[in-house]
Amino acid sequence: MKVLKFGGSSVGTPERIKSLLEILKSYYSKGEHFTVVFSAFSGVTDSLLEMSRLAAAGDESYKELFEKFLLRHQEAITALLKDNQKSQVTAELDRKYHSLSNVLNGVFLVREATPRTVDYVVSFGERSSAFIIAHAMQQVGIQAAYLDARKVIRTNDSFGFAKVDFHATYPLIREYYSQHPEIQVVTGFIGATNDDLTTTLGRGGSDYTAALIAAGLDAEAIEIWTDVDGVLTADPRKVKKAFTIPTMTYAEAMELSHFGAKVIYPPTLQPALQKRIPLFIKNTHNPNFRGTVVTDKRDPSGRAITGISSIGNVVLLTLQGGGMFGMPGIAGRLFGSLARAGISVILITQGSSEHSITFAIPPELAAKAKQQVEEEFNYELEKGMVDPVKVELNLSVVAVVGENMRYRPGISGRMFQALGKNGVNVVAIAQGSSELNISIVIAKGDEAKAMNALHEAFFLSDTKELHLFIVGVGLIGSTLLQQIREQAEYLKEKRSLEIKIVGLANSRKMLFNEEGIPLDQWREELEAAAEATDLAAFVSRMKSLNLSNTIFLDNTANGQVANFYETILESSISISTPNKIATSSSFLQYQRLKNIATRRGVRFMYETNVGAGLPVLSTLDDLITSGDRIIRIEGVLSGTMSFIFNEFRQGKKFSEIVREAKERGYTEPDPREDLGGADIRRKLLILARETGLKMEAEDIVIESILPKEAEEAPDVEAFFKILKESDSHFEKMSAAAEQQGKALRMIASLENGKAHIGLKTVGASHPFYALSGSDNMIVFTTERYKERPLVVRGPGAGAEVTAAGLFAEVVRIGNYLV
Ligand code: ADP
Ligand code: ASP
Ligand code: MG
């Protein structure tokens, strides 16, 4: 004998019922012995509860819901049954609905829906669905009979959550089935007291009905047919990448369902375990898929963690006080008082100082629990031995579950690392001594992020997903998007890295897509986006999406964007940027941002601030962390200046070269930014700070190459005019250098804590001598690289290389995060 149970979603529409009839027909024709348990049509239990609530509140709109309820069942009858059966079933249900209507009217009149009445009202859900489907089964040729579970399931009178009397129930089931050889079609969820009062077994209780029938009949299997492919590694609504767990133990299933995996109603497991009946979880939409099998066999070679589940809304209550230390019996009294009030506790933690006990319960029970505990400890409260019960709201519990974790060290390490890197603050922790689960309490807003981060850490250590939010899609930004697009496949295949662009903004519009903005049409989608760019809104949207492994990319040169870095890092989001504004502002600001990043366990990276895509800052960092001592750093840090002096050697006029450089877009809009050294200063400042110096921009000495009048010229045109007049001055300098076989270079240097920028002549043996085009070169002279310095050289400007530098940085941050 097998017991099959079909949940609400499997009987949500006549079409779905038709497809499950196919499953039943195939079982039947194969000669299988089975019985079927049905839930109410999806949403019907909720709607009946709502009707009771409205009627009790004196709100006549319960009648509209009632009409919809009638219509929905009538439609099912019409779609599933033929003429004679149709009228017979309709007549029978009409009789039932007449008494439902009377009861609701009574509730409306007395303005009260007692739990006992509510149970009776909701029983109509299962009594309708099973009744209709039993007839539909007969019609397709199955010898089926309707069984109202109230005939066989005996419970106490805890309405809404009745306790089953197994001793009475099992014999009743056996007796009934021995007398009724047809395929029994049973109402899930409901039972009755000894006095024949209707009770329910708790929300989701049809699973339990199936297990009770199976235990009563010593069935060979229970099949729970639902709308997902079995028990998944996490709730698929919260974790998109969740996948089916092929096998698990009763204990694991119990833990997962206790902590929120709704796919199995927790009490179901007890009768199944007691009689060692395997439980199969299968998908009505995908009947040939194997799904999940729950047995008592542990798979020792399986993963350390079987699944992750969560309870979305809990409150934490804490009983604490100086007088609790060493006082025996506190926990007993505390939980005894809760038990007497019928409050069951989700999770408990107690510090070893015995100074406090914290427990989690559903929010609707918080006020009652607080009152209950404070009454119990009234004496101690008055004496000041304990404090009033502390209540913390808006929390979630997340549990990682698995029998194998008992045998493997490092699970909690991995768990807390994943949470820490995603900035999830853990409010409380509990681990059962059975080591079957580790549960944590976190802010409700972090639930989805935590679930995904943990899922990634335990199940997908091979696929990492990064979520990018990009501001600025000018030359660098759009090149970066192009590069990511071209590389996406490789990254996915070879590096198991998936980069999703979740947010994108230019100066006018912004666009979000949690699934990732398609990289082949981001331009069109951004253009068509409805939202105007608002940086604050962009940032707050990024925060509220609260995705794991989030990186913010600032591809602008805009101080406004940099102003948001602090709040972004505070939200545990990493930053990568070529924007130099934040890193070259005051030292305090620079240090503050770095400290926030460290405190939040995220990265603030800006390799492209110096030398574009060249590995300048990372090389410096490697030297320092490996214990080398920096003696001197010299650099040609401006691609613009390299270009100008290289061209100058070819005999052109200095002012003409500068004008050409400007026209080609090599210079800042005002070339004095470059020629005057301001841009180089920012880079040198960042380099100096990275070596550990507390340097400010004013500490850097710049020997300007420009005549004073040129520097002070009122506008760019006036500047060019004065520059032209100075051509001969530059020519003389160049000729003098040439005569000595030397070249002119604009050099930034850092030595003994002093930073200096100026035009120098360098001989043929100097590394800077042979610099060509717009190359940058950075020479590190260190304790280890003293004789022959370490040189980083290459193009130090341009969209292609800068974007590549950013791209590499994003991947580096990704490797750190996951
Ligand atoms: P039914 O109506 O068939 O009883 P339920 O809605 O009670 O179905 O349970 C199935 C749902 O449980 C799934 O649709 C899914 O959203 C949710 N769920 C939560 N956690 C898990 C999990 N770990 N595995 C599978 N489903 C889960
Ligand atoms: N119909 C009931 C409920 O919605 C029982 C069940 O679906 O298992 O809670
Ligand atoms: Mg269910």
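None of the values given here were measured: they were computed from a predicted structure. Each residue takes its place number in the sequence, starting with 1. Ligands are counted one by one from 1 in listed order, and the atoms in each one are counted from 1 as well.
Shown in contact with Glu126 at under 4.0 Å from a heavy atom are these atoms of ligand 2, numbered in order with element: 1 (N), 2 (C), 5 (C). The distance from ligand 2 to the heavy atoms of Thr45 drops below 4.0 Å at these ligand atoms: 1 (N), 2 (C), 3 (C), 4 (O).
Heavy atoms from both the backbone and the side chain of Ser206 come within less than 4.0 Å of ligand 2.
Note on Lys5 versus Glu223: no salt bridge recorded, every NZ/NE/NH1/NH2 to OD/OE distance being 4.0 Å or above.
At the shortest separation from atom 9 (O) of ligand 2 among protein heavy atoms lies Arg203 NE, 2.6 Å.
There is a side-chain donor-acceptor pair under 3.5 Å between Thr35 and Tyr177.
Here the closest non-hydrogen pair linking Asn549 and Glu465 is ND2-O, 3.0 Å.
Backbone and side-chain nitrogen or oxygen atoms of Lys5 are examined, and none is located within less than 3.5 angstrom of a nitrogen or oxygen of ligand 2. At least one N/O-N/O distance between Gly204 and ligand 2 falls below 3.5 Å. Checking only distances, Ser39 does come within under 3.5 Å of ligand 2, N or O to N or O.
Judged purely by atom type and a 3.5 angstrom limit, Glu126 uses its side chain to pair as donor or acceptor with the backbone of Ala40. Under the 3.5 Å distance criterion, the side-chain polar atoms of Ser61 are left unmatched by any main-chain donor or acceptor of Glu64. Between the side chain of Asn452 and the main chain of Ala448, a donor-acceptor pair closer than 3.5 Å is present.
Applying the salt bridge (Lys or Arg N to Asp or Glu O under 4.0 Å) criterion to Lys297, with sequence neighbours excluded, gives no partner residue.
Residue contact annotation: Gly188 has no non-hydrogen atom under 4.0 Å from ligand 2. Residue contacts with ligand 2 include Gly205, since one of its heavy atoms falls under 4.0 Å from the ligand.
When ring centroids are compared, His73 and Phe41 come within the 6.0 Å threshold. Here Phe69 and Tyr97 bring their ring centres to under 6.0 angstrom of each other.
Among protein residues, Lys5, Gly7, Gly8, Ser9, Thr226, Asp227, Val228, Gly230, Val231, Leu232, Ala234, Asp235, Pro236, Arg237, Ala261, Lys262, Val263 come within 4.0 Å of ligand 1, judged on heavy atoms.
When side chains are defined from C-beta on, Phe459 counts as touching Ile305, because their heavy atoms get closer than 4.5 Å.
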